[in-house]
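All residue numbers in this chain count up from 1 along the given sequence.
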Amino acid sequence: MTKRILAIAASPRKNGNSDLLAERFIEGALKAGNVADEVFLREKEIGFCRACDYCRTHEGACVQRDDAAEVLDKMAEADVIVLATPVYFYSMDAQLKALIDRTVARYTELADKEFYFIAAMADPDEELMERTFEGLRGFTDCLPGAVVRGVVCGVDAWEKGAIAGSPAMDETYRMGVEA
């Protein structure tokens, strides 16, 4: 069965390591016959959630007029959502966290989705990545029926492009094929 896959690349740096991993996932997904799309958060204007509760009284509409609604539409249409982030201080970056917080207006539309987490960091110790994945699982734990299907840790990747040729590239491709 063909799946609709959306990769959300959160890196503020074009062609950053987490971007490269997300693109590798898409290559695998396309090879498997799926439909795939990618959103680069650095190209979007997404404000922080203001906790104003406007969305609760306006059928999920947000008071802010920015690009979050467009990204949320794509997330709602997808069967599979890939969240790719660089790791900053052992956590996801602010761009991805802002988007996650903005899903509060429409989180019920994200029920029963499959998720993959991809993260790249400079530190070579893969165990330290768990903090980042716990934050991402905190999001999916709030979504009814959400299932995390896979996680990729791209480590020892400080410089832009350092992830190329790493085992994480192959692992991410394989997950895309299997998605």
Side-chain angles (χ1 to χ4, degrees), residues 1-11 14-44 46 55 59-60 62 67-87 92-93 95-120 126 129-130 132-154 157 163-179:
M1 177 177 109
T2 300
K3 293 184 181 177
R4 293 168 304 205
I5 297 173
L6 175 65
I8 299 174
S11 180
K14 186 175 183 178
N15 296 319
N17 293 307
S18 59
D19 279 3
L20 296 177
L21 290 169
E23 289 169 9
R24 191 74 173 131
F25 186 101
I26 286 176
E27 288 175 26
L30 291 172
K31 179 171 175 69
N34 294 304
V35 175
D37 191 13
E38 190 167 15
V39 170
F40 296 97
L41 294 184
R42 72 177 157 277
E43 297 172 356
K44 305 295 180 189
I46 299 176
C55 60
E59 298 179 16
C62 184
D67 296 326
E70 169 196 338
V71 177
L72 288 173
D73 286 345
K74 289 179 183 246
M75 291 175 77
E77 293 168 3
D79 300 308
V80 176
I81 299 172
V82 179
L83 301 176
T85 183
V87 174
M92 71 187 89
D93 71 357
Q95 292 83 343
L96 184 55
K97 181 61 171 128
L99 175 65
I100 287 172
D101 289 349
R102 291 291 296 282
T103 66
V104 73
R106 298 172 55 190
Y107 79 97
T108 57
E109 295 176 54
L110 304 181
D112 303 317
K113 306 283 184 194
E114 295 178 12
F115 283 84
Y116 290 85
F117 302 151
I118 297 170
E126 189 173 307
M129 191 83 77
E130 190 53 37
T132 303
F133 296 132
E134 277 303 308
L136 294 170
R137 278 195 276 289
F139 168 53
T140 56
D141 285 350
C142 295
L143 303 176
V147 177
V148 177
R149 293 280 184 218
V151 171
V152 171
C153 305
I163 204 74
S166 75
M169 292 292 280
D170 293 334
E171 185 180 352
T172 304
Y173 179 82
R174 225 176 5 265
M175 278 196 324
V177 169
E178 295 168 0

So, [X] side chain and [Y] main chain: donor-acceptor pair closer than 3.5 Å or not?
X: Lys3; Y: Ala78; value: no
X: Asp67; Y: Ile46; value: no
X: Arg149; Y: Phe115; value: no

Subject >> Sequence neighbours excluded - side chain to side chain donor-acceptor pair (under 3.5 Å) pairs with any residue from residues 75-84 >> reply: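 For residues 75-84, and leaving out neighbouring residues, the side chain to side chain donor-acceptor pair (under 3.5 Å) pairs sorted by first residue read Arg4-Asp79.
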Sequence neighbours excluded - side chain to side chain donor-acceptor pair (under 3.5 Å) pairs with any residue from residues 24-38
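Checked against side chain to side chain donor-acceptor pair (under 3.5 Å) - neighbours excluded - the pairs reaching residues 24-38 are Arg24-Glu27, Asp37-Lys74.
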query = Is any NZ, NE, NH1 or NH2 atom of the basic residue among Asp93 and Lys97 found under 4.0 Å from an Asp or Glu carboxylate oxygen of the other?
reply =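 No salt bridge links Asp93 with Lys97.
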Margin query: If the threshold is 4.0 Å, N to carboxylate O, is there a salt bridge linking Glu109 and Arg106?
Written below: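 Yes.
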query = Around atom OH of Tyr107, are there more than 12 heavy atoms of other residues, nucleotides or ligands at under 6.0 Å?
reply =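 No, because the 6.0 Å sphere around OH of Tyr107 holds 12 heavy atoms or fewer from other groups.
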So which atom in [X] and which in [Y] form the shortest heavy-atom distance, rounded to 0.1 Å?
X: Ala36; Y: Ile26; result: CB-CG2, 3.8 Å
X: Arg102; Y: Cys62; result: NH2-SG, 3.3 Å
X: Ala84; Y: Ala22; result: CB-CB, 3.8 Å

Close side-chain approach of Thr85 and Ile118, heavy atoms under 4.5 Å
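Heavy-atom side-chain distance check fails, nothing below 4.5 Å.
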Residues two or more places apart in sequence or in another chain: which of them pass ring-ring contact (aromatic ring centres under 6.0 Å, His included) with Tyr116?
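Residues passing ring-ring contact (aromatic ring centres under 6.0 Å, His included) with Tyr116: Phe25.
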